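Contents: one structure, followed by commentary.
Just so we're clear, the structure is a prediction, and the values are computed from it rather than from any experiment. Quick note: numbers below take in every heavy atom, side chains included, and nothing from hydrogens, waters or symmetry partners.
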Amino acid sequence: MSVQKSWWRIVLGVVFTALMLFPVYWMINVSLTKTQDMRKSPPNLLPIDPTFDGYRQVFSEQFPFLATSLVIGLGTVVLTVALSAPAAYSLAKLRPKGGGALSFVLLIAQMIPAVVMAMGFYVIYLNLGLLDTIPGLILADSTIAVPFGVLIFTAFMSGIPNELLSAAKIDGAGHWRTFRSVVMPVSRNSIVTVSLFAFLWAWSDFIFASTVDGGGGLQPITMGIYRYIGNNNQQWNAIMATAVVASVPAAVLLIVAQRYVAAGVTAGAVKD
């Protein structure tokens with residue numbers, strides 16, 4: 001009976017995995033399809049007579065957008081960790097007055113639709129002269145990642161033994177020195193988790209990019225893909241080829257950081 005149950009679990013796992021990965025496969029298939037075959041009915045399930053025109057367009061036109069997305073993603077990571085880690089340390093270990101209310105506000109902040117925030121950023125940036133700038137887009141993307149980062153860091157740092165912090169205090173370390181020399185080194189898993197999600201949010205952002213950086217000279221890859229969509233013409237093989245290339249860094253990061261992300265997300269869920 002156990003063997004039969006295991007067999008069915010394997011089958012169900014394969015089926016569900018295939019269903020989830022099918023959009024990825026179809027994206028690759030379309031990226032290799034010729035323009036004249038796009039509206040073929042029924043469509044080709046396999047890339048018969050493939051073309052690499054879309055990928056040639058990517059390598060000749062999209063690298064500036066990819067570079068901009070990389071800068072924005074890394075900037076978002078740095079700003080998110082710099083803001084959320086100290087805030088989480090304060091909430092987890094220093095117990096400031098109003099800390100519970102602040103945690104509740106952070107939860108509420110994650111429920112605000114991004115399009116509402118984008119409109120607010122547009123008005124503010126218009127007055128501050130930050131429209132169509134990379135720093136403006138980094139700041140906007142960080143508003144999505146910082147509340148999440150504070151919650152993840154707080155859950156992890158709450159599990160750090162107080163004896164470890166007391167030992168640092170006995171050695172003469174203040175709160176800031178303890179945070180830098182003790183708390184952050186042992187928070188590696190949560191740092192990787194927050195950094196990964198912050199980067200992915202910034203990398204895949206379209207709402208903020210189209211609102212506060214829609215006319216700038218340096219635009220992210222999501223706006224580069226959008227350039228292929230017109231009123232009378234959609235270059236689907238170029239769109240999908242760009243999406244495939246843009247997915248590679250995210251996929252590599254997820255694979256490399258999978259072990260740290262699993263530990264970081266579950267941190268604080270179980271108390272000893």
Checklist outcome for this item: For Y228 and V58 the tightest heavy-atom approach is OH-N, 4.5 Å
Item to check | Heavy-atom side-chain proximity of L70 to L66 below 4.5 angstrom | outcome: no
Checklist entry - Please walk me through it: do L126 and L131 pass side-chain contact (heavy atoms from CB on, under 4.5 Å)? => result CA-CA 6 Å; L126 185 62; L131 282 178; 3.6 Å; yes
Item to check | Same cluster (ILVMFWY, side-chain, under 4.5 Å), L45 and I28 | outcome: yes
Checklist entry - Of all heavy-atom pairs between M157 and A85, which one has the smallest distance, and what is that distance? => result CE-O, 3.8 Å
Item to check | Plane angle bin for F208 and F121 - parallel if under 30°, tilted between 30 and 60°, otherwise perpendicular | outcome: perpendicular
Checklist entry - In Å and rounded to the nearest 0.5 Å, what is the CE to CD1 distance from M27 to I239? => result 12.5 Å
Checklist outcome for this item: Rounded to the nearest 0.5 angstrom, the CG-CG distance for L32 and D53 is 10.5 Å
Checklist entry - So Y89 and F179, would you call those rings parallel, tilted or perpendicular, with 30° and 60° as cut-offs? => result tilted
Checklist entry - Do side-chain atoms of T80 reach the backbone of V77 as a donor and acceptor pair under 3.5 angstrom? => result no
Checklist entry - Backbone N or O of I221 within a donor-acceptor pair of the S69 side chain at under 3.5 Å? => result yes
Checklist entry - Could you give the distance from CD1 (I124) to CE (M119), rounded to the nearest 0.5 Å? => result 12.0 Å
Next on the checklist: Working to the nearest 0.5 angstrom, can you tell me the gap between L79 CG and T143 OG1?
Outcome noted: 9.5 Å
Item to check | Heavy-atom pair of closest approach, residues T33 and N237 | outcome: O-CB, 3.5 Å
Checklist entry - Do the side chains of F65 and R227 get nearer than 4.5 Å, heavy atoms only? => result yes
Next on the checklist: Grouping I, L, V, M, F, W and Y whenever their side-chain heavy atoms are under 4.5 Å apart, do V105 and V146 come out in a common cluster?
Outcome noted: no
Checklist entry - Is there a side-chain contact between T68 and Q219 (heavy atoms, below 4.5 Å)? => result no
Item to check | Side chain proximity check, H175 to L94, heavy atoms < 4.5 angstrom | outcome: yes
Checklist entry - Is the shortest heavy-atom distance from the side chain of Y226 to the side chain of S210 under 4.5 Å? => result no
Checklist entry - Of all heavy-atom pairs between S84 and V194, which one has the smallest distance, and what is that distance? => result OG-CG1, 4.3 Å
Checklist entry - Are L83 and S142 side-chain neighbours, meaning at least one heavy-atom pair lies under 4.5 Å? => result no
Item to check | Main-chain N/O of P86 paired to S90 side chain as donor or acceptor, under 3.5 Å | outcome: no
Checklist entry - Counting N and O atoms only, with roles assigned by atom type, does the side chain of Y125 sit under 3.5 Å from a partner on the main chain of G136, one being a donor and the other an acceptor? => result yes
Next on the checklist: For A238 versus Q57, what's the shortest heavy-atom pair and its separation?
Outcome noted: CB-OE1, 3.5 Å
Checklist entry - Rounded to the nearest 0.5 Å, how far does CG of L137 lie from CD1 of I72? => result 4.0 Å
Next on the checklist: Working note: W201 + T76, criterion side-chain contact (heavy atoms from CB on, under 4.5 Å); need CA distance, chi angles, decisive distance, verdict.
Outcome noted: CA-CA 9 Å; W201 276 325; T76 302; over 6 Å; no
Checklist entry - Is there a donor-acceptor pair closer than 3.5 Å between any side-chain N or O of S181 and the backbone N or O of T178? => result no
Checklist outcome for this item: Between A209 and M223 the two heavy atoms that sit nearest each other are CB-CG, 3.9 Å
Next on the checklist: Let me confirm one number: the CD1-CG distance from I138 to L130, rounded to the nearest 0.5 Å.
Outcome noted: 11.5 Å
Item to check | Side-chain touch M117/I144, heavy atoms, less than 4.5 angstrom | outcome: yes
Next on the checklist: Membership question, hydrophobic clusters at under 4.5 Å side-chain separation (ILVMFWY): are V78 and F199 in the same one?
Outcome noted: no
Next on the checklist: Around atom CZ of R177, are there more than 12 heavy atoms from other residues, nucleotides or ligands closer than 6.0 Å?
Outcome noted: no
Checklist entry - Heavy-atom distance under 4.5 Å between the side chains of V182 and L165, does that happen here? => result yes
Item to check | Connected via hydrophobic side-chain network under 4.5 Å: F197 and M111 | outcome: no
Next on the checklist: The criterion is salt bridge (charged side-chain N to carboxylate O under 4.0 Å, His left out); which residues satisfy it with K169, sequence neighbours excluded?
Outcome noted: none
Checklist entry - When clusters are formed by joining ILVMFWY residues with side-chain heavy atoms under 4.5 Å apart, either directly or through shared neighbours, do I255 and L21 land in the same one? => result no
Next on the checklist: As a quick check of understanding, evaluate side-chain contact (heavy atoms from CB on, under 4.5 Å) for I160 and K93, giving each step before the final call.
Outcome noted: CA-CA 9 Å; I160 297 177; K93 294 301 183 182; 4.1 Å; yes
Item to check | Selection residues 37-60 - residue pairs positive for ring-ring contact (aromatic ring centres under 6.0 Å, His included), sequence neighbours left out | outcome: F59-F63
Checklist entry - Yes or no on side-chain contact (heavy atoms from CB on, under 4.5 Å) for F156 and F153, after CA distance, side-chain angles and deciding distance? => result CA-CA 5 Å; F156 183 89; F153 277 128; 5.7 Å; no
